[in-house]
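Computed from heavy atoms alone, side chains included, the values below leave out hydrogens, waters and symmetry copies. In what follows, chains are A, B, ... by sequence order, proteins preceding strands, each numbered from 1.
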Protein chains: 2
Amino acid sequence: MRIGELADAVGVSTQAVRYYERERLMPAPTRGGNGYRAYDDQAVARVGFIRTAQSAGLTLVQIRSILDLRDRGVIPCDHVSDLIDDRLAEVRRRMAELAALEEELVQLRDRSERLNPADCSDGDICHIITAQPQPQPQPAVSE
Amino acid sequence: MRIGELADAVGVSTQAVRYYERERLMPAPTRGGNGYRAYDDQAVARVGFIRTAQSAGLTLVQIRSILDLRDRGVIPCDHVSDLIDDRLAEVRRRMAELAALEEELVQLRDRSERLNPADCSDGDICHIITAQPQPQPQPAVSE
DNA sequence: CTAGACCTTGAACCCGACTTCAAGGTCAAG
DNA sequence: CTTGACCTTGAAGTCGGGTTCAAGGTCTAG
(Lines give C-alpha, C1' and ligand atoms only; values in the text may rest on other atoms or scores of the structure.)
Protein backbone atom coordinates (compact mmCIF):
# COMPACT_ATOMS: atom_id res chain seq x y z
CA MET A 1 0.00 0.00 0.00
CA ARG A 2 1.35 3.39 -0.95
CA ILE A 3 1.07 6.49 1.19
CA GLY A 4 -1.89 7.86 -0.76
CA GLU A 5 -3.87 4.69 -0.27
CA LEU A 6 -3.05 4.63 3.42
CA ALA A 7 -4.09 8.26 3.71
CA ASP A 8 -7.36 7.63 1.88
CA ALA A 9 -8.07 4.56 3.97
CA VAL A 10 -7.88 6.56 7.20
CA GLY A 11 -9.09 9.88 5.87
CA VAL A 12 -6.00 11.98 6.44
CA SER A 13 -3.65 13.77 4.07
CA THR A 14 -0.43 12.21 2.85
CA GLN A 15 1.42 15.15 4.34
CA ALA A 16 -0.06 14.34 7.72
CA VAL A 17 1.21 10.75 7.45
CA ARG A 18 4.71 11.98 6.61
CA TYR A 19 4.43 14.43 9.46
CA TYR A 20 3.59 11.59 11.86
CA GLU A 21 6.66 9.79 10.62
CA ARG A 22 8.87 12.82 11.18
CA GLU A 23 7.42 13.17 14.65
CA ARG A 24 8.11 9.49 15.30
CA LEU A 25 4.49 8.46 15.74
CA MET A 26 4.86 6.23 12.71
CA PRO A 27 7.92 4.04 12.19
CA ALA A 28 9.99 4.48 9.05
CA PRO A 29 8.22 2.24 6.55
CA THR A 30 9.88 -0.14 4.13
CA ARG A 31 10.48 1.28 0.68
CA GLY A 32 9.75 -0.07 -2.78
CA GLY A 33 12.45 -0.14 -5.42
CA ASN A 34 11.32 3.30 -6.53
CA GLY A 35 11.73 4.77 -3.08
CA TYR A 36 8.00 4.90 -2.43
CA ARG A 37 6.85 4.17 1.13
CA ALA A 38 5.13 0.77 1.47
CA TYR A 39 2.54 0.22 4.20
CA ASP A 40 0.59 -2.74 5.53
CA ASP A 41 -2.70 -3.01 7.41
CA GLN A 42 -0.96 -2.40 10.71
CA ALA A 43 -0.04 1.05 9.51
CA VAL A 44 -3.71 1.74 8.76
CA ALA A 45 -4.60 0.67 12.29
CA ARG A 46 -1.85 2.83 13.71
CA VAL A 47 -2.87 5.98 11.89
CA GLY A 48 -6.47 5.19 12.82
CA PHE A 49 -5.42 4.95 16.45
CA ILE A 50 -3.66 8.29 16.21
CA ARG A 51 -6.77 9.97 14.83
CA THR A 52 -9.05 8.38 17.38
CA ALA A 53 -6.77 9.39 20.22
CA GLN A 54 -6.66 12.91 18.77
CA SER A 55 -10.42 13.07 18.65
CA ALA A 56 -10.31 12.34 22.38
CA GLY A 57 -8.24 15.47 22.66
CA LEU A 58 -4.86 13.88 23.29
CA THR A 59 -1.86 15.70 21.85
CA LEU A 60 0.55 14.04 19.45
CA VAL A 61 3.19 14.03 22.19
CA GLN A 62 0.83 12.14 24.48
CA ILE A 63 -0.14 9.76 21.72
CA ARG A 64 3.50 9.14 20.95
CA SER A 65 4.10 8.25 24.58
CA ILE A 66 1.40 5.58 24.26
CA LEU A 67 2.84 4.23 21.03
CA ASP A 68 6.34 4.20 22.47
CA LEU A 69 5.21 1.96 25.31
CA ARG A 70 3.46 -0.34 22.87
CA ASP A 71 6.52 -0.52 20.67
CA ARG A 72 8.64 -1.48 23.64
CA GLY A 73 6.23 -4.28 24.41
CA VAL A 74 4.63 -2.61 27.41
CA ILE A 75 0.87 -2.68 27.68
CA PRO A 76 0.02 1.03 27.74
CA CYS A 77 -3.47 0.77 29.23
CA ASP A 78 -2.60 2.23 32.62
CA HIS A 79 -0.84 5.12 30.98
CA VAL A 80 -3.76 5.67 28.61
CA SER A 81 -6.08 5.65 31.58
CA ASP A 82 -4.03 8.38 33.26
CA LEU A 83 -3.98 10.49 30.12
CA ILE A 84 -7.74 10.17 29.80
CA ASP A 85 -8.22 11.25 33.39
CA ASP A 86 -5.95 14.26 32.84
CA ARG A 87 -7.78 15.19 29.71
CA LEU A 88 -11.14 14.81 31.37
CA ALA A 89 -10.07 17.16 34.15
CA GLU A 90 -8.85 19.64 31.58
CA VAL A 91 -12.08 19.49 29.61
CA ARG A 92 -14.10 20.09 32.76
CA ARG A 93 -11.91 23.00 33.75
CA ARG A 94 -12.37 24.45 30.31
CA MET A 95 -16.12 23.96 30.43
CA ALA A 96 -16.26 25.85 33.71
CA GLU A 97 -14.27 28.70 32.18
CA LEU A 98 -16.56 28.82 29.21
CA ALA A 99 -19.62 28.79 31.43
CA ALA A 100 -18.29 31.83 33.27
CA LEU A 101 -17.51 33.50 29.97
CA GLU A 102 -20.97 32.72 28.69
CA GLU A 103 -22.51 34.38 31.68
CA GLU A 104 -20.36 37.44 31.16
CA LEU A 105 -21.35 37.62 27.51
CA VAL A 106 -25.02 37.26 28.33
CA GLN A 107 -24.70 40.16 30.74
CA LEU A 108 -22.97 42.24 28.11
CA ARG A 109 -25.66 41.42 25.61
CA ASP A 110 -28.42 42.33 28.05
CA ARG A 111 -26.64 45.53 28.77
CA SER A 112 -26.36 46.35 25.09
CA GLU A 113 -30.12 45.93 24.81
CA ARG A 114 -30.83 48.15 27.77
CA LEU A 115 -28.48 50.96 26.83
CA ASN A 116 -29.13 53.50 24.13
CA PRO A 117 -26.22 53.86 21.73
CA ALA A 118 -26.83 57.60 21.71
CA ASP A 119 -25.80 57.64 25.36
CA CYS A 120 -22.42 56.25 24.43
CA SER A 121 -20.25 59.16 25.43
CA ASP A 122 -17.09 60.19 23.68
CA GLY A 123 -15.16 59.62 26.87
CA ASP A 124 -15.19 55.86 26.68
CA ILE A 125 -14.83 53.63 23.67
CA CYS A 126 -18.16 51.87 24.04
CA HIS A 127 -20.46 51.88 27.02
CA ILE A 128 -21.26 48.19 26.60
CA ILE A 129 -17.73 47.09 27.27
CA THR A 130 -16.24 49.20 30.00
CA ALA A 131 -12.85 48.80 31.53
CA GLN A 132 -12.90 46.81 34.73
CA PRO A 133 -10.58 47.42 37.64
CA GLN A 134 -7.54 45.20 37.03
CA PRO A 135 -7.11 43.07 40.15
CA GLN A 136 -4.97 40.36 38.62
CA PRO A 137 -3.52 40.72 35.15
CA GLN A 138 -6.17 38.68 33.39
CA PRO A 139 -4.60 37.28 30.25
CA ALA A 140 -8.00 36.75 28.65
CA VAL A 141 -9.82 33.52 28.03
CA SER A 142 -8.06 31.77 25.22
CA GLU A 143 -9.59 29.22 22.92
CA MET B 1 3.20 59.05 31.37
CA ARG B 2 5.84 56.71 30.02
CA ILE B 3 5.14 53.26 28.62
CA GLY B 4 6.13 51.46 31.80
CA GLU B 5 3.71 53.52 33.87
CA LEU B 6 0.94 52.92 31.37
CA ALA B 7 1.70 49.21 31.40
CA ASP B 8 1.70 49.08 35.20
CA ALA B 9 -1.53 51.08 35.39
CA VAL B 10 -3.36 48.53 33.24
CA GLY B 11 -1.44 45.45 34.28
CA VAL B 12 0.12 44.50 30.95
CA SER B 13 3.71 44.29 29.76
CA THR B 14 5.38 47.16 27.95
CA GLN B 15 6.01 44.79 25.07
CA ALA B 16 2.30 44.14 24.81
CA VAL B 17 1.63 47.88 24.57
CA ARG B 18 4.17 48.22 21.76
CA TYR B 19 2.62 45.19 20.14
CA TYR B 20 -0.81 46.85 20.23
CA GLU B 21 0.74 49.89 18.58
CA ARG B 22 2.30 47.77 15.85
CA GLU B 23 -1.06 46.10 15.30
CA ARG B 24 -2.71 49.52 15.12
CA LEU B 25 -4.90 49.06 18.18
CA MET B 26 -3.09 51.96 19.80
CA PRO B 27 -2.30 55.15 17.88
CA ALA B 28 1.31 56.26 17.58
CA PRO B 29 1.84 58.30 20.74
CA THR B 30 3.58 61.63 20.98
CA ARG B 31 7.23 61.43 21.90
CA GLY B 32 9.31 63.27 24.48
CA GLY B 33 12.55 64.94 23.51
CA ASN B 34 14.37 61.72 24.35
CA GLY B 35 12.24 59.67 22.00
CA TYR B 36 10.25 58.07 24.81
CA ARG B 37 6.56 57.45 24.19
CA ALA B 38 4.28 59.80 26.15
CA TYR B 39 0.77 58.70 27.12
CA ASP B 40 -2.26 60.33 28.71
CA ASP B 41 -5.23 58.93 30.63
CA GLN B 42 -7.06 58.18 27.43
CA ALA B 43 -4.36 55.70 26.57
CA VAL B 44 -4.90 53.96 29.90
CA ALA B 45 -8.60 53.73 29.16
CA ARG B 46 -7.88 52.41 25.69
CA VAL B 47 -5.54 49.65 26.81
CA GLY B 48 -8.03 48.85 29.57
CA PHE B 49 -10.74 48.55 26.97
CA ILE B 50 -8.58 46.20 24.92
CA ARG B 51 -7.98 43.93 27.89
CA THR B 52 -11.62 43.91 28.91
CA ALA B 53 -12.71 43.12 25.38
CA GLN B 54 -10.10 40.35 25.28
CA SER B 55 -11.40 38.86 28.49
CA ALA B 56 -14.78 38.65 26.74
CA GLY B 57 -13.00 36.50 24.18
CA LEU B 58 -12.83 39.01 21.34
CA THR B 59 -9.75 38.79 19.13
CA LEU B 60 -7.44 41.72 18.59
CA VAL B 61 -8.70 42.00 15.02
CA GLN B 62 -12.26 42.31 16.28
CA ILE B 63 -11.23 44.79 18.94
CA ARG B 64 -9.40 46.83 16.35
CA SER B 65 -12.55 46.96 14.25
CA ILE B 66 -14.35 48.49 17.24
CA LEU B 67 -11.60 51.00 17.87
CA ASP B 68 -11.46 51.93 14.19
CA LEU B 69 -15.14 52.85 14.23
CA ARG B 70 -14.67 54.90 17.37
CA ASP B 71 -11.69 56.70 15.87
CA ARG B 72 -13.74 57.60 12.83
CA GLY B 73 -16.39 59.10 15.09
CA VAL B 74 -18.89 56.28 14.65
CA ILE B 75 -20.60 54.93 17.76
CA PRO B 76 -19.56 51.27 17.67
CA CYS B 77 -22.26 49.90 19.97
CA ASP B 78 -24.22 48.08 17.28
CA HIS B 79 -21.05 46.50 15.99
CA VAL B 80 -19.99 45.53 19.52
CA SER B 81 -23.39 44.01 20.04
CA ASP B 82 -22.98 41.89 16.91
CA LEU B 83 -19.52 40.75 17.96
CA ILE B 84 -20.82 39.77 21.37
CA ASP B 85 -23.65 37.77 19.79
CA ASP B 86 -21.16 36.02 17.51
CA ARG B 87 -18.88 35.25 20.38
CA LEU B 88 -21.73 33.97 22.50
CA ALA B 89 -22.78 31.62 19.72
CA GLU B 90 -19.20 30.45 19.40
CA VAL B 91 -18.85 29.84 23.12
CA ARG B 92 -22.06 27.83 23.15
CA ARG B 93 -20.97 25.79 20.16
CA ARG B 94 -17.69 25.13 21.91
CA MET B 95 -19.42 24.13 25.13
CA ALA B 96 -21.53 21.64 23.21
CA GLU B 97 -18.41 20.20 21.63
CA LEU B 98 -16.74 19.89 24.98
CA ALA B 99 -19.81 18.28 26.49
CA ALA B 100 -19.73 15.65 23.75
CA LEU B 101 -16.02 15.17 24.31
CA GLU B 102 -16.56 14.85 28.04
CA GLU B 103 -19.07 12.12 27.49
CA GLU B 104 -16.68 10.31 25.20
CA LEU B 105 -13.90 10.56 27.77
CA VAL B 106 -16.15 9.32 30.54
CA GLN B 107 -17.01 6.32 28.42
CA LEU B 108 -13.36 5.68 27.73
CA ARG B 109 -12.57 5.93 31.41
CA ASP B 110 -15.39 3.56 32.32
CA ARG B 111 -14.15 1.17 29.71
CA SER B 112 -10.63 1.33 31.07
CA GLU B 113 -12.00 0.34 34.47
CA ARG B 114 -13.98 -2.56 33.07
CA LEU B 115 -11.29 -3.99 30.88
CA ASN B 116 -8.34 -5.96 32.09
CA PRO B 117 -5.03 -4.69 30.72
CA ALA B 118 -3.93 -8.27 30.34
CA ASP B 119 -6.62 -8.67 27.69
CA CYS B 120 -5.03 -5.96 25.62
CA SER B 121 -3.99 -7.94 22.60
CA ASP B 122 -0.91 -7.31 20.54
CA GLY B 123 -3.07 -6.71 17.53
CA ASP B 124 -4.29 -3.32 18.55
CA ILE B 125 -2.40 -0.53 20.26
CA CYS B 126 -4.62 -0.30 23.32
CA HIS B 127 -8.05 -1.81 23.80
CA ILE B 128 -9.30 1.32 25.57
CA ILE B 129 -8.89 3.51 22.54
CA THR B 130 -9.88 1.61 19.45
CA ALA B 131 -10.00 2.95 15.95
CA GLN B 132 -13.45 4.07 14.91
CA PRO B 133 -14.81 3.81 11.40
CA GLN B 134 -13.88 7.07 9.70
CA PRO B 135 -17.09 8.54 8.27
CA GLN B 136 -15.91 12.11 7.87
CA PRO B 137 -12.29 13.06 8.35
CA GLN B 138 -12.58 14.19 11.95
CA PRO B 139 -9.81 16.71 12.50
CA ALA B 140 -9.93 16.20 16.26
CA VAL B 141 -11.31 18.57 18.84
CA SER B 142 -8.91 21.44 19.13
CA GLU B 143 -8.52 23.68 22.14
C1' DC C 1 31.25 58.87 37.42
C1' DT C 2 29.00 54.84 37.52
C1' DA C 3 25.33 51.57 38.52
C1' DG C 4 20.96 50.35 37.48
C1' DA C 5 16.41 51.25 35.97
C1' DC C 6 14.25 52.90 32.46
C1' DC C 7 13.63 53.57 27.28
C1' DT C 8 14.50 52.61 21.87
C1' DT C 9 14.48 49.36 17.60
C1' DG C 10 14.10 45.19 14.79
C1' DA C 11 14.22 40.42 14.47
C1' DA C 12 13.56 36.01 16.02
C1' DC C 13 11.11 32.69 18.73
C1' DC C 14 7.04 30.16 21.04
C1' DC C 15 2.91 26.79 20.97
C1' DG C 16 0.55 22.54 17.81
C1' DA C 17 -0.54 20.26 13.93
C1' DC C 18 -0.19 20.52 10.16
C1' DT C 19 -0.16 22.86 5.02
C1' DT C 20 2.19 24.92 1.28
C1' DC C 21 5.93 25.62 -1.75
C1' DA C 22 9.60 24.36 -4.72
C1' DA C 23 11.87 21.26 -7.44
C1' DG C 24 12.25 17.20 -8.80
C1' DG C 25 11.56 11.48 -9.80
C1' DT C 26 8.17 7.45 -11.33
C1' DC C 27 4.77 5.16 -13.63
C1' DA C 28 0.48 3.79 -16.34
C1' DA C 29 -2.65 5.11 -20.00
C1' DG C 30 -3.46 6.64 -24.55
C1' DC D 1 6.14 10.33 -26.21
C1' DT D 2 3.52 13.00 -23.52
C1' DT D 3 0.19 13.90 -20.02
C1' DG D 4 -1.16 13.61 -15.52
C1' DA D 5 -1.47 11.33 -11.23
C1' DC D 6 1.25 9.71 -8.16
C1' DC D 7 5.63 9.80 -5.31
C1' DT D 8 10.26 12.04 -3.12
C1' DT D 9 12.75 15.76 -0.16
C1' DG D 10 13.55 19.94 2.69
C1' DA D 11 12.24 24.36 3.96
C1' DA D 12 9.05 27.66 4.95
C1' DG D 13 4.45 29.41 6.13
C1' DT D 14 0.00 29.45 8.97
C1' DC D 15 -2.74 30.97 13.15
C1' DG D 16 -2.79 34.54 17.71
C1' DG D 17 -0.85 37.05 20.99
C1' DG D 18 2.45 37.98 22.44
C1' DT D 19 7.70 37.03 24.60
C1' DT D 20 12.65 36.98 24.16
C1' DC D 21 16.92 38.52 22.38
C1' DA D 22 20.40 41.71 20.99
C1' DA D 23 22.36 45.98 20.96
C1' DG D 24 22.05 50.08 22.00
C1' DG D 25 20.42 55.26 24.23
C1' DT D 26 18.77 58.05 28.59
C1' DC D 27 18.23 59.48 33.04
C1' DT D 28 18.60 59.63 38.16
C1' DA D 29 20.64 58.68 42.62
C1' DG D 30 24.55 58.35 45.27
Side-chain angles (χ1 to χ4, degrees), chain A residues 1-26 28-39 43 47 49-67 83 86-87 90 94 137-143, chain B residues 1-26 28-39 43 47 49-65 67 83 87 90 94 137-143:
Chain A
M1 197 187 313
R2 290 179 308 182
I3 193 169
E5 297 170 288
L6 167 61
D8 286 351
V10 189
V12 305
S13 71
T14 57
Q15 295 95 331
V17 175
R18 290 197 198 95
Y19 175 71
Y20 296 152
E21 185 182 329
R22 269 207 303 289
E23 294 298 308
R24 305 194 321 279
L25 283 100
M26 296 296 291
T30 56
R31 300 286 182 134
N34 49 16
Y36 289 11
R37 289 169 176 83
Y39 294 101
V47 176
F49 177 83
I50 293 171
R51 298 304 278 197
T52 304
Q54 266 192 305
S55 79
L58 300 188
T59 67
L60 292 188
V61 170
Q62 292 174 325
I63 297 168
R64 183 172 58 198
S65 71
I66 298 171
L67 293 168
L83 289 176
D86 289 353
R87 181 65 185 144
E90 213 175 296
R94 185 76 185 121
Q138 273 176 315
V141 180
S142 63
E143 200 83 348
Chain B
M1 195 188 311
R2 291 179 308 183
I3 193 169
E5 298 170 287
L6 167 61
D8 285 352
V10 189
V12 305
S13 71
T14 57
Q15 295 94 329
V17 174
R18 290 196 197 94
Y19 175 72
Y20 295 154
E21 186 182 329
R22 268 207 304 288
E23 294 297 309
R24 303 192 324 279
L25 282 100
M26 295 297 289
T30 57
R31 300 285 181 135
N34 48 17
Y36 289 10
R37 289 169 176 82
Y39 294 101
V47 177
F49 176 83
I50 294 171
R51 297 305 278 197
T52 304
Q54 265 191 306
S55 78
L58 300 188
T59 67
L60 292 187
V61 169
Q62 291 174 324
I63 297 168
R64 183 171 59 198
S65 73
L67 293 168
L83 289 177
R87 181 67 185 141
E90 213 175 296
R94 185 78 184 118
Q138 271 177 318
V141 179
S142 63
E143 201 82 347

In whole angstrom, what separates [X]'s [atom1] from [N]'s [atom2]?
X        : N       : atom1 : atom2 : value
Ile50(B) : dG17(D) : CD1   : P     : 11 Å
Leu60(A) : dT19(C) : CG    : P     : 11 Å
Arg31(B) : dG25(D) : CZ    : C1'   : 13 Å
Gln15(B) : dC6(C)  : CD    : C1'   : 13 Å
Met26(B) : dG17(D) : CE    : P     : 16 Å
Met1(A)  : dC6(D)  : CE    : P     : 16 Å
Glu21(B) : dC7(C)  : CD    : C1'   : 13 Å
Glu5(B)  : dC6(C)  : CD    : P     : 10 Å

Revision key, fill the gap. By nearest-nucleotide position on DNA chain D, the 5'-leaning member of Arg22(B) and Gly4(A) is Gly4(A)

I want to verify a distance call: between [options], whose nearest atom is closest to the [X] side chain?
X        : options                  : answer
Ile3(A)  : dA17(C), dC7(D), dC7(C)  : dC7(D)
Thr59(B) : dC18(C), dT8(C), dG17(D) : dG17(D)
Asn34(B) : dC27(D), dT8(D), dT9(C)  : dC27(D)
Tyr20(A) : dT9(D), dT8(C), dC18(C)  : dC18(C)
Tyr36(A) : dC18(C), dC6(D), dC7(C)  : dC6(D)

For [N], take OP1 and OP2 only and decide whether either is under 4.0 Å from a side-chain N or O of [X].
X        : N       : value
Arg37(A) : dC7(D)  : no
Tyr19(B) : dG16(D) : no
Arg2(A)  : dC6(D)  : no
Gln54(A) : dG16(C) : no
Arg51(A) : dC18(C) : yes
Ser13(A) : dC18(C) : no

Exercise for review: Indicate yes or no: does Arg18(B) engage Glu21(B) in a salt bridge with an N to O separation below 4.0 Å.
Suggested key: no

Review point. Which residue, Leu25(A), Val10(A), Ile66(A), forms the side chain to side chain contact (heavy atoms under 4.5 Å, CB included) with Phe49(A)?
Key: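 The side chain to side chain contact (heavy atoms under 4.5 Å, CB included) with Phe49(A) is passed solely by Ile66(A) among Leu25(A), Val10(A), Ile66(A).
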
Check your understanding: Could you state the interatomic distance from CD (Gln15(A)) to CD1 (Ile3(A)), rounded to the nearest 0.5 Å?
Key -> 8.5 Å

Practice item. Give the C-alpha distance, both sets of side-chain angles, the deciding distance and a yes or no for side-chain contact (heavy atoms from CB on, under 4.5 Å) between Glu5(A) and Asp8(A). Key: CA-CA 5 Å; Glu5(A) 297 170 288; Asp8(A) 286 351; 5.7 Å; no

Point to revise | Stepwise side-chain contact (heavy atoms from CB on, under 4.5 Å) check, Leu60(B) with Ile50(B) | key: CA-CA 8 Å; Leu60(B) 292 187; Ile50(B) 294 171; 4.2 Å; yes

Review point. Is a side-chain N or O of Arg2(B) found less than 3.5 angstrom from the main chain of Tyr36(B), in a donor-acceptor match?
Key: no

Practice item. For Arg18(A), report the nucleic acid contact type (base, sugar-phosphate, nothing); a contact means any heavy atom under 4.0 Å. Key: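 Base contact - Arg18(A) has a heavy atom under 4.0 Å of at least one base atom.
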
